[in-house]
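Beneath this line is the structure, given in structure tokens, with notes to follow.
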Amino acid sequence: MTTESAYAGDDPRGLLSDARELAQGVRRAQRATWFPLLVFAAITFVAIPVLGFSSPHLGSCVFVYPAGRAVAPVGRACAVDYTAGLVYWPIAAVLAYVAIAAFYIRQSRARGVGTRVRPYAIVGIILALVVTGASLWAFHHPSARGVLLPPGLSNLGNPASAIGYALLVLAWAERNRALLLVALGYTVVVLTRFTFGWVIHTPGFVVLPNLVVDGSVLLLAGIGFALAQRPWRSAE
Amino acid sequence: MTSHPANGLDDVVHQRVRLGILTIAHEARRVEFSYLRTNLELSAGNLSQHLGVLEKAGLVSLEKGYAGKRARTWVTLTKAGRTALSEEVAQLKLLISQIERTPTPPD
């Protein structure tokens with residue numbers, strides 16, 4: 001250990017450049033991006049059996065017409081309401097944010113730098129409560145769903161989207177561009193809801209493909225960040 | 001006549017180690033003594049001296065405590081410290097732009 005600083009020189013450019021490097025070092029020390037991603041992947045995968053084995057019921061329905069000049073509908077498409085989801089998602093989200101906040105605080109103590117997790121956890125919990133409130137309202141006012149949000153934007157208020165918004169906030173809190181890209185990608189996935197022609201006949205598991213896709217995106221991103229941040233963890 | 005940007009530099013802040021301490025404390029909000037010592041590659045005594053200067057100037061506050069059985073010292077930037085750091089960075093940028101505008105004399 002020397003008594004001199006790590007700086008290369010006293011010139012203004014050198015001082016500013018060294019200050020930037022020190023600031024970036026602090027940001028790296030504050031990050032634990034992999035943990036929230038894996039926690040969100042876990043609550044998404046746990047939602048599969050919770051929602052699958054609950055008793056969903058059909059909400060509002062619309063008639064489906066074939067292409068062309070057909071006048072007779074070929075069937076009905078109905079929204080599936082999961083009452084279990086109204087209980088599961090807020091509890092899971094609050095527990096997830098508590099676990100994430102506790103992990104960041106513990107890591108902050110171990111590494112010796114403060115953490116910016118508090119605003120993130122608060123925003124996350126608020127988002128979870130807002131989404132739950134919106135879901136409850138929609139559950140009790142099924143006929144008003146299409147009035148409040150056009151069909152293309154109906155995913156804006158679902159729990160998976162709330163995770164996406166929370167990840168965007170985390171990217172801001174961590175000032176992490178890689179996470180920002182992942183959060184944007186995930187949010188696009190959950191908002192657009194591509195289907196690949198799958199047909200689920202068991203009402204309880206209608207959401208299974210979406211949850212598998214969402215959980216897999218989060219899991220893969222979490223593993224990626226864990227591997228990327230591994231050198232720092234082993235250097236502790 | 002406009003004063004030279006170098007005249008606006010605060011001697012307390014315009015020092016390599018102390019600028020580093022303020023930068024880290026600003027970024028981390030709260031930083032532990034051992035993190036500063038490791039990342040600035042300083043001895044404990046040398047770091048303590050610099051922290052003493054900054055504390056006396058009211059730019060940082062020190063908080064001593066324990067994590068289990070280990071004594072810890074946490075450093076937090078004060079409001080005056082934040083102002084001093086942003087002014088120092090602004091002066092350095094001004095100095096750089098002034099240097100870049102000055103034509104190099106021919107050999």
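So that the names make sense, note that chain A is the first sequence line, chain B the second, and so on, each numbered from 1.
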Once rounded to the nearest 0.5 Å, what's the spacing between atom CZ of A/R175 and atom CD of B/E27? 4.0 Å
Interatomic distance, A/L15 atom CG to B/L92 atom CG [nearest 0.5 angstrom]: 5.5 Å
Going by heavy atoms in the side chains, are A/L22 and B/L40 under 4.5 Å from each other? yes
Return yes when atom CZ of A/R106 has more than 12 non-hydrogen atoms of other residues, nucleotides or ligands closer than 6.0 Å, and no otherwise. no
Distance from A/T115 atom OG1 to B/R30 atom CZ, nearest 0.5 Å? 11.5 Å
Please say whether more than 12 non-hydrogen atoms of neighbouring residues, nucleotides or ligands are located less than 6.0 Å from CZ in A/R109. no
Chain B contact via A/R20 - side chain, backbone, both or neither, heavy atoms under 4.5 Å: neither
For B/T23 and A/A19, work out which heavy atoms get closest and say how close. CG2-O, 3.3 Å
